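As the structure is a prediction and not an experimental result, all values here were calculated from the model. Below, chains carry the letters A, B, ... as their sequence lines are ordered, and counting in each starts from 1.
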Number of protein chains: 4
Amino acid sequence: MTTEPPARKTRWQEKREASYAALVDAAMHCFHERGYAATRVEDIAEAAGYTTGAFYFHFKNKTACFQHVIAYRERLRGDWQTLIDGLDPSTTSLEEVLVRLFARFAEAERGAGAWILVMVDYHQQHRDKADAEALLHDSYRRWHGQIAEFIATLQQRGWIPEGRDPAQLAADVFAYSEGTSAHAALYDTDRGAALVDTVARLLRG
Amino acid sequence: MTTEPPARKTRWQEKREASYAALVDAAMHCFHERGYAATRVEDIAEAAGYTTGAFYFHFKNKTACFQHVIAYRERLRGDWQTLIDGLDPSTTSLEEVLVRLFARFAEAERGAGAWILVMVDYHQQHRDKADAEALLHDSYRRWHGQIAEFIATLQQRGWIPEGRDPAQLAADVFAYSEGTSAHAALYDTDRGAALVDTVARLLRG
Amino acid sequence: MTTEPPARKTRWQEKREASYAALVDAAMHCFHERGYAATRVEDIAEAAGYTTGAFYFHFKNKTACFQHVIAYRERLRGDWQTLIDGLDPSTTSLEEVLVRLFARFAEAERGAGAWILVMVDYHQQHRDKADAEALLHDSYRRWHGQIAEFIATLQQRGWIPEGRDPAQLAADVFAYSEGTSAHAALYDTDRGAALVDTVARLLRG
Amino acid sequence: MTTEPPARKTRWQEKREASYAALVDAAMHCFHERGYAATRVEDIAEAAGYTTGAFYFHFKNKTACFQHVIAYRERLRGDWQTLIDGLDPSTTSLEEVLVRLFARFAEAERGAGAWILVMVDYHQQHRDKADAEALLHDSYRRWHGQIAEFIATLQQRGWIPEGRDPAQLAADVFAYSEGTSAHAALYDTDRGAALVDTVARLLRG
DNA sequence: TATGAATGAGCTTTCATTCAT
DNA sequence: GATGAATGAAAGCTCATTCAT
């Protein structure tokens, strides 16, 4: 009988979540297109169809918004490590696995790739603000952890030789991948060409 | 008879060159410490012992100043490719060469390393300004060209197997190196550890 | 037969009055703690256990709310002039009367003393808005009138000499009292010390 | 021979001091007319004939500007305590002294009287900012100290009976005076009427 | 050459108020 | 009666750049 109050609350909740989602997504794309510093709060709000007031209803400030974007990206990434479930080295080469993987990431990023640039931009604006930087570290740790796990699986399942430390391989592959991303964006370099090939070389040792 | 005017002119020139040099060097260090966007013109002038007026006497604007810093860094780098003149694979391992190389670069940078961060920062502030970006491309081309040349020499002199395209190897090594730099700065990651080792692996194929 | 509608109406009225009372009281305390300008409408609503919407149901705007607080304070003050009913100069000294009086006011204020600060704050935000200021004048007139009446009684009942104009004495005592309040708040001065003593001197002439 | 550099420096200095003086004076008048909170930085700059940028060249922020205004007012006040040098109780009554004194203060304030209102306003905006408040305390201490000294002189020179503590008398007179100022401004009360008379009563005990 | 006061556009953030539900 | 998401108009402050000297 008293189902109305909860229903009402849900309405607000839905509305709130919808506008929040729109803002976070808009923020991600604005940051991607213009960089962190050059993106004005108003740009984000406008891109989401709201005003700056709405922005500050959802986020304490621009920094906080960025941190929500980081979390959003992790959610988008999903559990990509299951990508090789059911695959086998005898039928699917390492290169093929990598091609699928990068394709998956590209798709999950929804057009907002080369994110390393945004991370650098954010970092440059928050030098020596310990808590703002801590977020970056945590984010890296999670990413890196997932990659290392995945590499360990590749080793166990016979795609690549065992022996090398998965954590180190993960750091290498991650750094190389982001280095090429950055160079492609900064220097108009061709990233795709050798990416898979070189990553495969790194992994095989 | 009229030896004074030229002498005076020289004095002025010297003074001018001295202040120019001080400003460019100060700019490099400021950009390194705070990033491009966060560095104020006054910071640079002050660090060099001058005022903003002097800055604008030497540079059209902040962007132009950055471009002079880029050129300055190239000058600092010098002709590092001669580093292996007189060395031999039989007495000096590839790893040793790389260690010396990175040491040399570190020294030439005068404490202003992880420059990739600054490049990204600059890039983010100049999106879609064709001429500002062109500078970056040129700068990359020169760097990359030198590295490729050096790698070709390593191949010819027997440090690494021939066969792979030096240009591609250069791109890979460069990207990997800068990726680790960025990760070290952003995520408080340990760069030195595997750097030489992984670069050697990349080069050896 | 139709006893329900009136009952219901009463319920609503009660509810309405309860929330109104809560809001006015919360407003008084917020204004006291943070000043008029620095108090946000949301602060008041929150302190009363409601939301801004409820606030605007009861008050046209922040200014109107303040005016209700003024009226509330007058109600709280009550008919303090009866405080000396039954007392006599032969058994109760002027100083004793004053001590009781200030104690009574302090109690009625419910912790929200030094109200002069809030009045000034409100006044500063409403310069040249005639109607907003008129409220202050009326409020003063009532306060001052009550004090003058009380002083006249003190004269008639023999606590203080007759002769001086009660209205002027009231203005003096009021101004002195509020001056010390303000100084105590602004300059961390000790108010209590000489208050009663000096007021007594003023009254005795 | 080399008198030019100092001369040049003086030029800048003069210019700087002129604009500083204009800004401080404009700030005082704006604060007086609109209160502290309601005065925008742009109002001050504009009133002085400059832009907000110039304002921030001279003051770190609005708070700092206010503090300079406080110092300015102390300078304006000058050494008013010498006002009775050469006067004598036998030829000049206490009331006459007070009239001259208040006239002197009114003149020194250059139209920016009832400053207590601005002080309250400032105080309300800086609650619990220890350093901002410390300034108020210091300012009070100096004012109060001067008044106490002056009252001691009045006692020694025979204008008022000795016996009462000059510090306490100073606190009383100061509080009363500012209380009437505030009431006059807030409640459109007539201040001048009894001011001198009541202050004299307070001083005579 | 170099100074440094001044400009002015731009950005982040706050908050009284509204309104559909 | 009450909710709370959203608006929009400020306001404080920063900083690249200019210019008279």
Quick check on DNA chain F: between C:Ser19 and A:Ala54, whose nearest nucleotide comes earlier from the 5' end?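 So the residue in question is C:Ser19.
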
Those residues that, when tested against [X], pass side chain to side chain contact (heavy atoms under 4.5 Å, CB included) (two or more places apart):
{"X": "D:Lys129", "answer": "D:His126, D:Asp131, D:Ala132"}
{"X": "A:Ala37", "answer": "A:Asp121, A:Gln125, B:Gln125"}
{"X": "B:Phe57", "answer": "B:Arg16"}
{"X": "D:Glu33", "answer": "D:His29"}

With both pairing distances under 3.5 angstrom for Watson-Crick or G-U wobble, and | for a partner in another strand, the correct string for DNA chain E is .||||||||||||||||||||

OP1 or OP2 of E:dT1 versus the side-chain N and O atoms of B:His58: is any pair under 4.0 Å?
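Indeed not, no polar side-chain atom of B:His58 lies that close.
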
* Side-chain N or O of A:Arg11 closer than 4.0 Å to phosphate OP1/OP2 of E:dT21 -> no

Tell me: [atom1] of [X] to [atom2] of [N], nearest whole Å?
{"X": "A:Glu17", "N": "F:dA5", "atom1": "CD", "atom2": "C1'", "result": "13 Å"}
{"X": "B:Phe57", "N": "E:dT1", "atom1": "CZ", "atom2": "C1'", "result": "5 Å"}
{"X": "D:Arg34", "N": "F:dA11", "atom1": "CZ", "atom2": "P", "result": "10 Å"}

Inset, instruction - Fit a plane to each ring of A:Phe31 and A:Tyr36, take the angle between them on a 0 to 90° scale, and name the class: parallel (under 30°), tilted (30 to 60°) or perpendicular (over 60°). - result: tilted

| request: For the pair B:Phe59 and B:Tyr20, name the ring-plane relationship: parallel under 30°, tilted 30 to 60°, perpendicular over 60°. | output: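 Because their plane-to-plane angle lies in the 30° to 60° range, the rings of B:Phe59 and B:Tyr20 count as tilted.
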
Going 5' to 3' through nucleotides 10-15 of chain E and flagging B where a protein heavy-atom sits under 4.0 Å of the base, S where only the sugar-phosphate is that close, and - otherwise, we get -SSBBS

When every non-hydrogen atom of D:Thr39 is compared with those of D:Ile44, the smallest separation belongs to CG2-CG1, 3.6 Å

